[in-house]
Amino acid sequence: MSRFAEPMARLIEELKKLPGIGGKSAQRLAFHILRSSDDDAEALASAVRDLKAQLRLCSICNNITDVDPCSYCTNPTRNHRLVCVVEEPTNIAAIEKTKHFNGVYHVLHGTISPLHGVGPEHLRISNLTRRVDAGEVDEVILATNPTIEGEATASYLADALKKLRVKVTRIATGVPAGSDIEYTDEVTMHKAIEGRREL
Amino acid sequence: MALKESEAIVLRTYPMREADLLVTLFTRLDGKVRGVARSAKKSRRRFGGALEPLTLVRAVYEDRERQELTRLDSCEVMDSPLTRQMTYPRLVALGHVAELLDEVLPDREANDALFRLTVSVLGALRGPEIWMPLTYFELWLTRLTGFLPDLSACVECGLDLEGEPAFYHALADGLMCVDHKRLASSRLSVDSRRWAVQMFRAPVAALSAEPWPKSVGEDLRKFLMQIVQRHLEKKLTTQPMLAKLD
């Protein structure tokens, strides 16, 4: 028999499915929700419901959005001829934080991964090539992660996009700002020296 | 328990808990070992790019009493596939090598010959050519694991197949002569069998100069993978992706 009333046990079980939430944390969160006001509990429940009901993928860039096309794709102040390709929607936030990129995005939703049976046909590439093929793009920046899967995905996209006569660039790899060369790993240092630039 | 140090090849990583990675290593000292790299998922500071698949590392790990998983202390990169351009065909080829090793190797059983084979094949896979190193790896892997049947005689009647047509079948234990071939058998060409003999005599580096389009040795690779998949009793994930490459 459960130690808690059925609705409480059910909420704890559901919360335990969230990343980083164990049994004790789930129990604490469930009791917090129980103690909160009806309005707060309802607001949480409706936020979860709306998240699933209202969010979808942007038909242009595949970003997660509540309006289609997304706010980046409809923003007239952004440079729509400069497209940055990222693996996941969460990568957009990291680039936006720099306040240095004014182009638009394209989200692949993954990388090529032979060990997981993920080939190029499983990624969202077709609407990118359609955009480029329609002459809407001057430059594509490939901002996939510098892992072997990210690098191979970038190489695959570069080959496919160059056939469409568009400028294709890759983000630089190197020593993180504010770090110490002494503690930089061998692969990063190799890439940093390989990608050095003249001053 | 004492820390162990060994050359190792990273085969795979899986996310584990919030911040850790479960790493499968092919170590020279202990064979296939699974270990936990603490905080490796959240922070790259400690392991950097050392846990990318098919990276040759000097691994320091600690076996824990009554625990199957070791604790991975550190990994120093000796050779990384990321130091050369990573193309899609090269990624599929490296993935195939990693999958084969992960599936075929038993846990905690050192295999120095297979380790040396893998290191030399990874060296050959640095360039754009993938089909020769892959054929070499598959051939030697099946031989070193004891799966490879005799390529010179019919498994049914013992007829010498030198210069004769030879056939293989998914349910047969070896090559068959024209009289004993089964329905829907595939042919293994004389040229491919000659390549196999040459590969048993020469190191992979000595064969690298030859141009190897996909069509060369294709029947041999199909034969070898049929043997491996039959022993594993499962299909390899990377096999259909390799078949689709040009």
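The sequence lines fix the lettering, A, B, ..., with proteins before strands; numbering per chain opens at 1.
For a residue to count as touching a neighbouring chain, one of its non-hydrogen atoms must lie under 4.5 Å from one of that chain's; by this rule B:Leu245 does not touch chain A. For B:Pro240, no part lies under 4.5 angstrom from a heavy atom of chain A.
Surrounding CG of A:Asp38 are at most 12 heavy atoms belonging to other residues, nucleotides or ligands under 6.0 Å away. Remark: A:Ile181 CD1 is loosely packed, at most 12 non-hydrogen atoms of other residues, nucleotides or ligands lying under 6.0 Å away. Surrounding CZ of B:Arg38 are at most 12 heavy atoms belonging to other residues, nucleotides or ligands under 6.0 Å away. Summarising the local packing, NZ of B:Lys222 is surrounded by 12 or fewer heavy atoms from other residues, nucleotides or ligands at distances under 6.0 Å. The local environment of CZ in A:Phe31 is crowded, with over 12 non-hydrogen atoms from other residues, nucleotides or ligands closer than 6.0 Å. More than 12 non-hydrogen atoms from other residues, nucleotides or ligands lie less than 6.0 angstrom from NE2 of B:His231. Applying the 6.0 Å contact sphere to CZ of A:Arg10 captures no more than 12 heavy atoms from other residues, nucleotides or ligands.
Of residues 67-90 of chain B, those residues with a non-hydrogen atom less than 4.5 Å from any non-hydrogen atom of chain A are, in numerical order, B:Glu76, B:Val77, B:Ser80, B:Pro81, B:Leu82, B:Thr83, B:Gln85, B:Met86, B:Thr87, B:Tyr88. Contacts with chain B (heavy atom to heavy atom, under 4.5 Å) involve these residues of residues 96-124 of chain A, listed by number: A:Ile112, A:Pro114, A:Leu115, A:His116, A:Gly117, A:Val118, A:Gly119, A:Pro120, A:Glu121. Heavy-atom proximity under 4.5 angstrom to chain B picks out A:Pro146, A:Thr147, A:Ile148, A:Glu149, A:Glu151, A:Ala152, A:Ser155, A:Tyr156 from residues 141-158 of chain A. Residues of residues 93-100 of chain B lying under 4.5 angstrom from chain A, judged on non-hydrogen atoms, are B:Gly95, B:Ala98, B:Glu99 by number.
The choice from B:Arg12, B:Lys244, B:Glu52 that makes the most heavy-atom pairs within less than 4.5 Å of chain A is B:Glu52.
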